[in-house]
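Take a look at the structure set out below.
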Amino acid sequence: MYLNAELLPAEKALVSVFDHGFSYGDGLFETILVVGRHPVFLAAHLERLAAGARILRLELPWSGEQLAAAVQETVAAAALGSGYLRLTVTRGAGEGWRLAACREPTLLIVPYDHIPYPAEDYAQGFAAAISRWRRNHHSPLAQVKSLNYLENILAKDEALALGAQEAILLNLEGRVAEGAMSNVFVIGDGYLVTPPPQEGPLPGITRRYVLELASRVGLTAAERPVAPGELVGAPEAFLTSSLMGIMPLTFLEGRPVGTGRPGPLTRRLARVYQEAIGSEGGW
Ligand SMILES: Cc1ncc(COP(=O)(O)O)c(C=O)c1O
């Protein structure tokens with residue numbers, strides 16, 4: 001793995017106990033899919049990282065080119081054909097809470113040689129439970145893929161305990177924000193909708209790409225608020241993330257979405273998506 005400009009085995013990759021990532025969840029991460037040694041949507045991931053750093057008032061000492069080179073170096077060193085990378089940036093080590101105490105951000109890139117979603121998941125689709133926790137869509141962190149991820153993990157863990165595979169988070173107004181680790185889409189009659197950023201979702205990179213691909217399967221894409229009732233009553237719905245790609249959402253709160261099977265448009269869109277990231281490498 002890559003840690004602060006060095007390629008190291010896991011047992012030698014050590015981070016300071018004073019690191020603000022450890023003390024305060026003060027940092028950012030990106031989960032990047034790798035297909036055929038190609039880090040998919042790398043530029044978009046690095047752009048979101050830079051945007052998140054600006055929100056956290058964290059000055060990154062690396063250019064986009066240097067980060068991209070570090071990613072490529074990690075892929076090459078691990079001979080990573082297919083799998084994913086987790087890139088983590090923290091504010092670095094410093095005493096106390098003051099941001100200025102941290103002078104050297106930490107950069108860690110860990111390669112994984114598998115994808116944690118088997119083919120059966122796509123064949124069945126995911127069941128989701130609506131979380132009792134709300135996404136604060138006014139929080140600056142709603143827009144940031146930050147190391148403050150415990151709310152998402154708690155929501156997901158509660159959903160798993162209920163026999164579902166994903167949690168849906170509503171925002172403070174009771175409208176759909178996103179999944180605990182995914183964005184949410186609803187397919188209606190000729191259209192595809194997902195909540196806009198001001199409703200509280202993370203600006204997902206897969207989400208953005210899927211909005212662009214919609215027209216290839218004859219759907220008009222829109223970003224607008226989504227009420228939970230619209231999701232429950234939708235003929236088709238799906239979730240997106242870098243690792244999942246497009247995951248059919250087939251049950252919500254124990255009730256079928258549409259027929260309770262992955263819908264035809266979702267399956268077509270998933271095929272178009274797979275082909276696009278395989279052949280065009282995304283953008
Ligand atoms: C909270 C949350 N929303 C949405 C997503 C999807 O984002 P992306 O498509 O950029 O992976 C993720 C990804 O893990 C996430 O953690």
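Counting convention: from 1, in listed order, for ligands and their atoms alike.
- Near Glu178, meaning under 4.0 Å from any of its heavy atoms, are these atoms of ligand 1: 1 (C), 2 (C), 3 (N), 4 (C).
- Less than 4.0 angstrom separates some heavy atom of Gly204 from each of these atoms of ligand 1: 7 (O), 8 (P), 9 (O), 10 (O).
- Here the two rings, on Phe126 and Phe238, have centers that are 6.0 Å apart or farther.
- Among protein heavy atoms, the minimum distance from atom 14 (O) of ligand 1 is reached at Lys145 NZ, 2.8 Å.
- In this structure, the ring of Tyr24 has its center less than 6.0 angstrom from the ring center of His20.
- Considering both main-chain and side-chain atoms, Ile205 comes within under 3.5 Å of ligand 1 through a nitrogen or oxygen pair.
- You'll find the side chain of Arg135 stays beyond 4.5 Å of the side chain of Leu170, heavy atoms only.
- Below 4.0 Å from some heavy atom of Thr240 lie the following atoms of ligand 1, by number and element: 6 (C).
- Heavy-atom separations between Arg48 and ligand 1 include at least one value shorter than 4.0 Å.
- Of all protein heavy atoms, the one lying nearest to atom 6 (C) of ligand 1 is Asn183 OD1, 3.6 Å.
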What side-chain donor-acceptor pairs closer than 3.5 Å can you find for residues 264-271, not counting sequence neighbours?
residue: Thr266; atom: OG1; partner: Glu236; partner atom: OE1; Å: 2.6
residue: Arg267; atom: NH1; partner: Pro262; partner atom: O; Å: 3.4

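- Under 4.0 angstrom from ligand 1, the non-hydrogen atoms of Asn152 all belong to its side chain.
- Each of the following atoms of ligand 1 lies closer than 4.0 Å to a heavy atom of Thr206: 8 (P), 9 (O).
- The proximity of Pro201 to ligand 1, defined as any non-hydrogen pair under 4.0 Å, does not occur for either the backbone or the side chain.
- Ligand-side atoms of ligand 1 in range of Tyr149: 14 (O), 15 (C), 16 (O), range being under 4.0 angstrom from any heavy atom.
- Contact atoms of ligand 1 toward Ser242: 8 (P), 9 (O), 10 (O), 11 (O) (distance under 4.0 Å to a heavy atom of the residue).
- The environment of CD in Glu230 is crowded: more than 12 heavy-atom neighbours from other residues, nucleotides or ligands sit within 6.0 Å.
- Checked by atom type, the side-chain pair Glu166/Ser182 shows a donor-acceptor distance below 3.5 Å.
- Counting only non-hydrogen atoms, the option in Met181, Arg207, Lys156, Arg135 that gets closest to atom 12 (C) of ligand 1 is Met181.
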List the atom pairs, with distances to 0.1 Å, where a side-chain N or O of residues 100-109 and a protein N or O form a donor-acceptor pair under 3.5 Å, not counting sequence neighbours.
residue: Thr106; atom: OG1; partner: Asp19; partner atom: OD2; Å: 2.7
residue: Thr106; atom: OG1; partner: Thr90; partner atom: OG1; Å: 3.3

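- A 6.0 Å sphere centred on OH of Tyr191 holds more than 12 heavy atoms belonging to other residues, nucleotides or ligands.
- Taking a 6.0 Å sphere around CD of Gln124, one finds it holds 12 or fewer heavy atoms contributed by other residues, nucleotides or ligands.
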